[in-house]
Amino acid sequence: NSYFDLYDLAPVGYLTLNKNGLIQRANLTATIMLGLKTDDLINRPIQKFIFRDDIDSYYLLSRSAVEASEDFKIELRLVQSGDSPFWVNLQASLQKDGELWLAFSDIGDRKQLEQSLWLANDTLEEQVTERTEELSTAVTRLQQEIIERKRVEAALTESEYFFKESQRAALIGSYRCDFVRGMWESS
């Protein structure tokens with residue numbers, strides 16, 4: 001009786017499938033998660049409760065695991081009768097008599113967090129891309145400004161050189177007067 005309570009009241013859904021994939025036993029948690037009474041689950045194919053987009057993945061994995069006599073795990077969506085799908089982590093154990101024991105737990109909260117993380121990551125990547133483009137534009141603008149300043153500096157240096165050379169050739173110079181100190185300077 002205590003083992004029955006442990007099985008039936010576990011926080012994980014348990015199903016036992018026969019060789020043909022028909023449900024033979026279900027615990028209380030499985031019936032609640034699938035939204036049916038135990039009698040309504042018995043002898044129904046497990047595929048009836050797997051979301052249509054996940055059936056092929058489940059079938060291929062379970063088929064190859066059964067052929068290799070191996071246990072398997074898969075994350076897929078189950079559906080309640082007439083309700084929206086919900087994510088579960090399903091673990092299957094193949095028994096010697098050909099039965100397949102399934103244990104599954106709801107991972108909807110984790111999937112929502114993963115979705116939120118994906119969205120946040122996408123947003124962050126967009127922001128990084130935008131900021132990188134802005135920085136690249138700023139770097140290009142600064143490089144152009146540096147080139148222009150060097151050009152202006154070279155032109156100014158050349159102009160000063162020609163000015164000094166013309167003064168020297170004309171035998172005139174330039175004078176600077178500091179009236180406060182009373183000093184004259186010539187070049």
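Along the sequence shown, the residues carry numbers beginning at 1. Note that the coordinates shown come from a computational prediction; the quantities given were computed from them, not determined experimentally.
No continuous path of ILVMFWY side-chain contacts below 4.5 Å connects Val79 to Val88, so the two sit in separate hydrophobic clusters. Note: the hydrophobic cluster containing Val66 does not contain Leu60 (ILVMFWY, side chain heavy atoms under 4.5 Å, direct or indirect links). Following chains of ILVMFWY side-chain contacts shorter than 4.5 Å, one can reach Ile55 starting from Leu78, so the two form part of one hydrophobic cluster. Transitive grouping of hydrophobic side chains (ILVMFWY, heavy atoms separated by less than 4.5 Å) keeps Tyr58 and Phe51 in distinct clusters.
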Evaluate side-chain contact (heavy atoms from CB on, under 4.5 Å) for Phe49 paired with Leu15, printing each intermediate quantity in order. CA-CA 12 Å; Phe49 302 100; Leu15 296 174; over 6 Å; no

When you look at Gln95 and Ser93, which way does the side chain to side chain donor-acceptor pair (under 3.5 Å) test go after all the steps? CA-CA 6 Å; Gln95 303 303 300; Ser93 177; 3.0 Å; yes

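We find the OG1-NZ distance between Thr157 and Lys150 to be 13.0 Å, quoted to the nearest 0.5 Å. One finds the CG atom of Leu76 at 12.0 Å from the CG atom of Asp56 (value rounded to the nearest 0.5 Å). A distance of 9.0 Å separates CZ in Phe72 from CG in Leu94, rounded to the nearest 0.5 Å. Distance CZ/Arg44 to CG/Leu34: 9.5 Å, rounded to 0.5 Å. Summarising the geometry, atom CG belonging to Leu156 is positioned 10.5 Å from atom CD belonging to Glu158; distances are rounded to the nearest 0.5 Å. To the nearest 0.5 Å, the span separating CD1 on Ile147 from CG on Leu142 amounts to 11.0 Å.
Among pairs with a residue in residues 122-131, those fulfilling side chain to side chain donor-acceptor pair (under 3.5 Å) read Asn121-Glu125, Arg131-Glu134, at least two apart in sequence or across chains.
Counting heavy atoms from C-beta outward, Thr31 and Lys37 have side chains that stay 4.5 Å or more apart. Within the 4.5 Å cutoff, the side chain of Phe86 has heavy atoms near those of the Met33 side chain. Side-chain atoms of Ile74 and Ser57, non-hydrogen and from C-beta on, do get closer than 4.5 Å to each other. Two residues are said to be in side-chain contact when any heavy atoms from C-beta on lie closer than 4.5 Å; Ile50 and Tyr59 fail this criterion.
Using modelled atom types, no side-chain atom of Ser136 and backbone atom of Thr132 make a donor-acceptor pair closer than 3.5 Å.
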With a cut-off of 3.5 Å and sequence neighbours excluded, list every side-chain donor-acceptor pair involving residues 100-120.
from: Trp101; atom 1: NE1; to: Glu99; atom 2: OE1; distance (Å): 3.3
from: Asp106; atom 1: OD1; to: Gly108; atom 2: N; distance (Å): 2.6
from: Arg110; atom 1: NE; to: Glu114; atom 2: OE2; distance (Å): 3.2
from: Arg110; atom 1: NH1; to: Glu75; atom 2: OE2; distance (Å): 3.1
from: Arg110; atom 1: NH2; to: Glu75; atom 2: OE1; distance (Å): 2.8
from: Arg110; atom 1: NH2; to: Glu75; atom 2: OE2; distance (Å): 2.4
from: Lys111; atom 1: NZ; to: Glu75; atom 2: OE1; distance (Å): 3.0
from: Ser116; atom 1: OG; to: Gln112; atom 2: O; distance (Å): 3.1

Listing, residues 18-30 side-chain donor-acceptor contacts under 3.5 Å, not counting sequence neighbours, or none:
from: Asn18; atom 1: OD1; to: Asn20; atom 2: N; distance (Å): 2.9
from: Asn18; atom 1: OD1; to: Gly21; atom 2: N; distance (Å): 3.1
from: Asn18; atom 1: OD1; to: Leu22; atom 2: N; distance (Å): 3.0
from: Gln24; atom 1: NE2; to: Leu22; atom 2: O; distance (Å): 3.4
from: Gln24; atom 1: NE2; to: Asn43; atom 2: OD1; distance (Å): 3.2
from: Asn27; atom 1: OD1; to: Tyr14; atom 2: N; distance (Å): 2.9
from: Asn27; atom 1: OD1; to: Ala30; atom 2: N; distance (Å): 2.9
from: Asn27; atom 1: ND2; to: Tyr7; atom 2: O; distance (Å): 3.0
from: Asn27; atom 1: ND2; to: Val12; atom 2: O; distance (Å): 2.8
from: Thr29; atom 1: OG1; to: Ala10; atom 2: O; distance (Å): 2.3

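What you find for Arg77 and Pro85 is that their closest heavy atoms are CB-CB, 3.9 Å.
Between Glu160 and Lys164 there is no salt bridge, since no side-chain N of the basic residue sits under 4.0 Å from a carboxylate O of the acidic one. Salt bridge present: Glu145 and Arg149 bring a charged side-chain N and a carboxylate O closer than 4.0 Å.
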